[in-house]
There are 2 protein chains.
Amino acid sequence: MARSKPATLKDVAALANVSRATAARALNSYGYVGDETAQKVQAAAGKLGYRGNRLAQALRNGQLPIVGCILGDIQNPFFARIAHDIEVLARECGYNLVIGSSEEELGQEVSLLASLRSLSIRGFIVAPTSAENNAHLQSLIAENVPLILIDRVAEGVDCDSVVVDNEGGARKAVEYLIAMGHRRIGLLQDDMRIFTSRERMSGYQTALGTAGIAPDERMIAVSQSTVEHAVDATIRLFSQKMPPTALFTVDSLMTQGALLAFRSMGLSIPHNVSLIGFDDFNLATFTDPQITVVSQPVSEIGRAAARLLFDRLSGKTDAPRKVRFETKLIIRGSVSRRG
Amino acid sequence: MARSKPATLKDVAALANVSRATAARALNSYGYVGDETAQKVQAAAGKLGYRGNRLAQALRNGQLPIVGCILGDIQNPFFARIAHDIEVLARECGYNLVIGSSEEELGQEVSLLASLRSLSIRGFIVAPTSAENNAHLQSLIAENVPLILIDRVAEGVDCDSVVVDNEGGARKAVEYLIAMGHRRIGLLQDDMRIFTSRERMSGYQTALGTAGIAPDERMIAVSQSTVEHAVDATIRLFSQKMPPTALFTVDSLMTQGALLAFRSMGLSIPHNVSLIGFDDFNLATFTDPQITVVSQPVSEIGRAAARLLFDRLSGKTDAPRKVRFETKLIIRGSVSRRG
DNA sequence: AATGCGTGTGAGATCGATCTCACATCTCAA
DNA sequence: TTGAGATGTGAGATCGATCTCACACGCATT
């Protein structure tokens, strides 16, 4: 079937018997246009179902009304929530959202960003994979492309950012474990390249240090942030001769992995092992016992980042703003007193 | 800071002392180009960090290497998984992914689609909100824009689709409840406009009918597909004088909502009430008891849809293919015998 | 010497929307 | 009556990449 190409401005102009320039004026209401002419044009546009070609518009004025968003993994409910909130705000502002997963690979992040930049995308919200390797981010700044860092910051990249108090959250969690009598406290963490992982580990270490507990790397397991990987890592961690008596996990997928691992190992919470997770999740209160977590204001993060971005896009040029949300230890029932 | 605009082909040509045409030939390797010239151009491009403007390319050849994806809500792990899988395949094929949430609003879906179409996007994967109102989808077909329906089909829209056996899955679940002696079986479902909701309800009704159980609309609650709404709807459903003895929920967020609602009402599973959910979820095996579910092969769906789309994009023009995956009843511990 | 082909290159059109000009009118005041 | 200003409109340039066309050269064949 002959697929009728979508109508162009030229078609509209022809139908209305005016020039393209006049048609454009009528449709975008700028400059002088006669009332009657304007009506003719509107009518013609309506009849043809005219819908400007955003590509051509973008080519002309240099930018596409799309914002790019590069996150670790949309399957993580934390990022899913953020992506959703950004998309909603973007839509309100007449933008669409391109999403890419870096899958926590720096290479992926770099190539994704390059690919999106060649689209003349107007701004980016990125959760950088690495705290150090960030030439690609710096070059965005250098070329004045609005960039908002989310969940993580990157050294030497001077731009708006939205993060939470990871260090404090982790510290509170571990201090609580210590106060409950635990000494062999495990840490199940993400790759150390990742900013949040690093900060949360730092909180963990600070808490141990303050309590005079010597760091012990056998207490630390690293895994990718998926339920499956976390299960394996937890099992490894708890298969030692002297396993931890408590575990702190750095995100909700890992917390869920730990839960599944404990069950498969026949370890019962909180009797055999205590657990605190970073980032709350829907069913944290449904398990038995309910899981104690460090919660972060997930619903604020994406919205805050999107607002920062759209401020920049509408021309704001003041100094970069660093938003930092507090975290909160929510005590439920997954930690037992050790004595 | 003067933000140096990205280098254009003209810049490269100028630096290499050739015409734009020649530069283009050298970079895209077509037509005749002298060896020496080609090298000069490559060198110039390298030095300037030239990276073609995909917008201009797209304007010229009519299409942007982006695929659009309109789903109900990325926060639903089901859709998140699908979006993720599509993004991965798209990236492998050199495409980027634009994501939009219809939030199950037809209007939203229509305007999102219009907005993406004006971007000259090359193909779409859509989970249509409504089974009937689909002029916007039909017009895509009419204009030969590749479209893959996912999770749901739409009447009169003749294109590739990927769905699961909703009717059968729901039927098996309800038959099982009936076999376990339940008669007052509740249904917590999504809006009836939604294809899956309708099919799952149909399976529910068929099972009841076959067993000679009269339909009773007091057994049916409708809610949006979020944990919060599902909590409310469940509480309403179970606050009747003669509440159901078992509940079938049509997706995993609603299942989780039902779990939370039951707990807040002090109803224990499976003693006071039995539960089966459609769509498995991470913690379904972690709750006590574990939740019996109808599982669908989530990891296949997005990949299958993406493959169908990229087949179309690479020119395949055979008859629309209708992929349908089976569902499986996974019996765990959330259903008790009634009698 | 005339013709043909293979090779290499540049000028210019094209995609669609926008914007700057220049050129018309028309009105009102000096 | 002339000129200044407001009001309308169209021709053409522009954004950046691509592609068609025409033109050049060299070498080999008749």
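Here the structure is a predicted model, which means the values were calculated and not measured. We name chains A, B, ... by the order of the sequence lines, and we start the count at 1 in each one.
- For residues 23-40 of chain B, no residue pair satisfies the side chain to side chain donor-acceptor pair (under 3.5 Å) rule, not counting sequence neighbours.
- Rounded to 10°, the angle separating the first-five-pair axis and the last-five-pair axis of the helix from C:dA1-D:dT30 to C:dA30-D:dT1 equals 80°.
- Map B:V18 and B:N61 each onto its nearest nucleotide of DNA chain C; the residue landing nearer the 5' end is B:V18.
- Here the CD1-CD1 distance, from A:I150 to A:I86, works out to 4.5 Å after rounding to the nearest 0.5 Å.
- Each of A:R51 and B:G31 was assigned the nucleotide of DNA chain C with the nearest heavy atom; the assignment lying further toward the 5' end belongs to B:G31.
- No hydrogens or angles considered: nothing links the side chains of B:D190 and B:T196 as a donor-acceptor pair under 3.5 Å.
- On the nucleic acid side, DNA chain D contacts chain A at distances under 4.0 Å to non-hydrogen atoms, with the end points of that region at D:dT7 to D:dG16.
- For A:E104, the side-chain hydrogen bond (donor to acceptor under 3.5 Å, both in side chains) partners are A:R152, not counting sequence neighbours.
- Under 3.5 Å, the side chains of B:N96 and B:R54 contain a donor-acceptor pair of N or O atoms.
- With sequence neighbours excluded, the residues that form a side-chain contact (heavy atoms from CB on, under 4.5 Å) with A:A13 are A:V18, A:R20, A:A23.
- Where B:Q57 and A:S19 each meet DNA chain D at their nearest nucleotide, the meeting point lying more 5' is that of A:S19.
- Distance OH (B:Y30) to P (C:dT7): 17 Å, rounded to an integer number of Å.
- Between the side chains of A:S111 and B:R91, no donor N or O sits under 3.5 Å from an acceptor N or O.
- Residue contacts for A:R54: at a heavy-atom cut-off of 4.0 Å it reaches no nucleic acid atom on any strand shown.
- Heavy-atom distances to DNA chain D give each of A:A21 and A:D35 a nearest nucleotide, and the one nearer the 5′ end belongs to A:D35.
- In terms of the side-chain contact (heavy atoms from CB on, under 4.5 Å) criterion, residue partners of A:Q42 (sequence neighbours excluded) are, by chain and number, A:L27.
- Checking the phosphate oxygens (OP1, OP2) of C:dG8, no side-chain nitrogen or oxygen of B:Y32 falls inside 4.0 Å.
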